[in-house]
Amino acid sequence: LRITSSSNSILSYSIDEFSIDSSPEYSALSYTWGPPVTGLDATAKAHYDLPQDSRCNGRRLPILRNLYEALSQLASTHPDKHLWVDAICINQGDTSERGSQVAQMGDIYANAERVIVWLGDNTLYPELDDFVWLQGAEFREYLFELEMSSEENKVPGLNPLSKLIDFLTGRECPEGLNPRSRWQAYEDFYGRCRWWTRAWVVQEVALAKEIEMYCGNVKLDWNRLKSLSNLVRRHSTILSTCIRYFEQKEHIGLGLHALGMYALRTICMDGGPEAFRVNASGIEGFVFGYGVPNIAETRLFDFLDYAI
């Protein structure tokens, strides 16, 4: 599909048919069909369950709110670009077509120029500013340099991580770089965003040549997310003192969120998603070959923990 207009609250797009072997450059969307976050009250959830009017080749086509918001955002960031979106590009009322297209899902994501991840509108995430701060260049540079020096400059009788611990927990920080009050935002963001709980995203990101991630009008850097989650995984014992969920709800706590993100990073390899390509049957075998019941409803982190 190509978005032709999103003015006056009317989202319009055209749709064309191509062979997977001769298609123009396109991006494939990775998103959730339902509300993008957990814990919404009944009114807010109903808002996301209510179909929104859109126009496909001039004809009315209702789509769910989260997808409507994603395409409205992409109208400005990816104007006149071809997009593949399962809810629209597959005729959901035709079981034969649906089965045929789902069988090609691996090829569709592998052949896409990029995979665009949509996490939902940024207004749903009050913790987003603090989460983005943790991805900032100045903080990250200081953090990783401190971690490296802790490993390289070990002093007998002293904990080599003492300076890193003081920094991560906010006891000793350069001015403007105290992260202590922001680690809870790290947990809240991963804990409430439903995209991270879906098993199928493993296939979608593992097959991607390139990944773009959006939370409303905020663009997140996939590689920065990976590297910070890797660090969180390494030092989760230290950081657990800064995050309430780790003690209150261990089953969705820091450790498993870090594991989930780290596992995605590992699947894509250190060089990024373009460094590791697998065929559709291979990755589908990984995702669906473990006999886990109701895999689409299984939390991604629990599933990855089981699979690993």
Item to check | Value rounded to 0.5 Å, distance of OG1 in Thr4 from CG in Leu11 | outcome: 8.0 Å
Checklist entry - Any side-chain heavy-atom pair from Gln73 and Glu69 closer than 4.5 angstrom? => result no
Item to check | Nearest heavy atoms of Leu124 and Pro126, plus distance in Å | outcome: O-CD, 3.3 Å
Item to check | Heavy-atom pair with the smallest gap, counting every atom of Asn57 and Ile15 | outcome: OD1-N, 2.9 Å
Item to check | Stepwise side-chain contact (heavy atoms from CB on, under 4.5 Å) test for Leu164 and Leu143 | outcome: CA-CA 8 Å; Leu164 180 65; Leu143 174 59; 3.8 Å; yes
Checklist outcome for this item: Rounded to the nearest 0.5 angstrom, the CG-NZ distance for Asn111 and Lys209 is 6.0 Å
Next on the checklist: Keeping Ser229 on the side-chain end and Lys226 on the backbone end, is there a donor-acceptor pair under 3.5 Å?
Outcome noted: no
Checklist entry - How far apart are the C-alpha atoms of Arg114 and Lys81, what are their side-chain angles, what is the distance that settles it, and do they pass the side-chain contact (heavy atoms from CB on, under 4.5 Å) test? => result CA-CA 12 Å; Arg114 68 180 60 82; Lys81 300 291 185 181; 5.9 Å; no
Next on the checklist: With side-chain contact (heavy atoms from CB on, under 4.5 Å) as the criterion, how do Ile10 and Asp53 come out once you've worked through the C-alpha distance, each side chain's angles and the decisive distance to 0.1 Å?
Outcome noted: CA-CA 7 Å; Ile10 298 176; Asp53 274 347; over 6 Å; no
Checklist entry - Is there a donor-acceptor pair closer than 3.5 Å between any side-chain N or O of Trp195 and the backbone N or O of Val201? => result no
Next on the checklist: Looking only at the aromatic ring of each residue, does the gap between the centers of Tyr214 and Tyr31 stay below 6.0 angstrom?
Outcome noted: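 No, they do not, as the ring centres are separated by 6.0 Å or more.
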Checklist outcome for this item: Taken to the nearest 0.5 Å, the spacing of Ser100 OG from Asn91 CG works out to 12.0 Å
Item to check | Pairwise side-chain hydrogen bond (donor to acceptor under 3.5 Å, both in side chains) hits with a residue in residues 121-140, at least two apart | outcome: Asp121-Thr123, Glu127-Arg192, Asp130-Arg182, Arg140-Ser227
Item to check | Beyond-backbone contact of Leu71 with Leu83, side-chain heavy atoms, under 4.5 angstrom | outcome: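 With C-beta onward as the side chain, the pair touches.
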Next on the checklist: Just so I know, are the side chains of His235 and Leu161 near enough to count as touching, which here means a heavy-atom distance under 4.5 Å?
Outcome noted: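 Of all side-chain heavy-atom pairs linking Leu161 with His235, at least one is under 4.5 Å.
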Next on the checklist: Using side-chain contact (heavy atoms from CB on, under 4.5 Å), reason through Trp84 and Ile90 one step at a time and then give a plain yes or no.
Outcome noted: CA-CA 9 Å; Trp84 187 86; Ile90 300 174; 3.9 Å; yes
Checklist entry - If we only count heavy atoms from C-beta on, is the Leu61 to Tyr13 side-chain gap below 4.5 Å? => result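 Side-chain contact under 4.5 Å: yes.
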Checklist entry - Which atom pair, heavy atoms only, marks the closest approach of Gly120 to Asn66? => result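 Heavy atoms of Gly120 and Asn66 come nearest at CA-OD1, 3.7 Å.
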Checklist entry - Within a strict 4.5 Å, meaning less than it, do heavy atoms of the Arg55 and Arg60 side chains meet? => result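 Yes, their side chains come closer than 4.5 Å.
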Item to check | Non-hydrogen atoms of Gly191 and Thr38 that approach each other most closely | outcome: O-OG1, 3.9 Å
Next on the checklist: Rounded at 0.5 Å granularity, tell me how far OG in Ser162 sits from CZ in Phe167.
Outcome noted: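 Separation between the atoms: 14.0 Å.
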Item to check | Nearest-0.5 Å distance that lies between atom CD1 in Ile165 and atom CZ in Arg171 | outcome: 7.0 Å
Checklist entry - Does Asp86 offer a backbone N or O that forms a donor-acceptor pair with the side chain of Gln92 under 3.5 Å? => result yes
Checklist entry - Do Arg2 and Ser14 get their side chains close enough for a donor-acceptor pair, meaning under 3.5 Å? => result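 No.
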Checklist entry - Does any donor atom in the side chain of Tyr68 or Ser54 lie under 3.5 Å from an acceptor atom in the other side chain? => result no
Checklist entry - Which of parallel (below 30°), tilted (30 to 60°) and perpendicular (above 60°) describes Tyr190 and Tyr186? => result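 Perpendicular, since the angle between the ring planes exceeds 60°.
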Item to check | 4.5 Å side-chain heavy-atom contact, Leu29 and Leu67 | outcome: yes
Item to check | Residue pair Leu128 / Cys215, side-chain heavy-atom distance below 4.5 Å | outcome: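 Result yes, sub-4.5 Å side-chain heavy-atom pair found.
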Next on the checklist: So which atom in Asp107 and which in Ile20 form the shortest heavy-atom distance, rounded to 0.1 Å?
Outcome noted: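 Looking at all heavy atoms of both residues, the shortest contact is O-CD1, 4.1 Å.
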Next on the checklist: When you compare the side chain of Phe131 with that of Leu225, does any pair of heavy atoms fall below 4.5 Å?
Outcome noted: yes
Next on the checklist: Show the nearest heavy-atom pair for residues Pro79 and Thr77, with the distance to one decimal.
Outcome noted: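 Taking Pro79 first and Thr77 second, the nearest heavy atoms are CD-C, 3.4 Å.
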Checklist entry - Does Glu212 reach the main-chain N or O of Glu210 with its side chain, forming a donor-acceptor pair under 3.5 Å? => result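 Flag not set: sc Glu212 to bb Glu210 has no pair under 3.5 Å.
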Item to check | Arg234 bridged to Glu147 by N-O distance under 4.0 Å | outcome: yes
Next on the checklist: For the CD1 atom of Ile116 and the CG atom of Leu74, what is their distance to the nearest 0.5 Å?
Outcome noted: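 Rounded to the nearest 0.5 Å, the CD1-CG separation comes out at 5.0 Å.
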Checklist entry - How about Tyr26 and Phe18: are their ring centres within less than 6.0 Å of each other? => result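 Ring centroids of Tyr26 and Phe18 are no less than 6.0 Å from each other.
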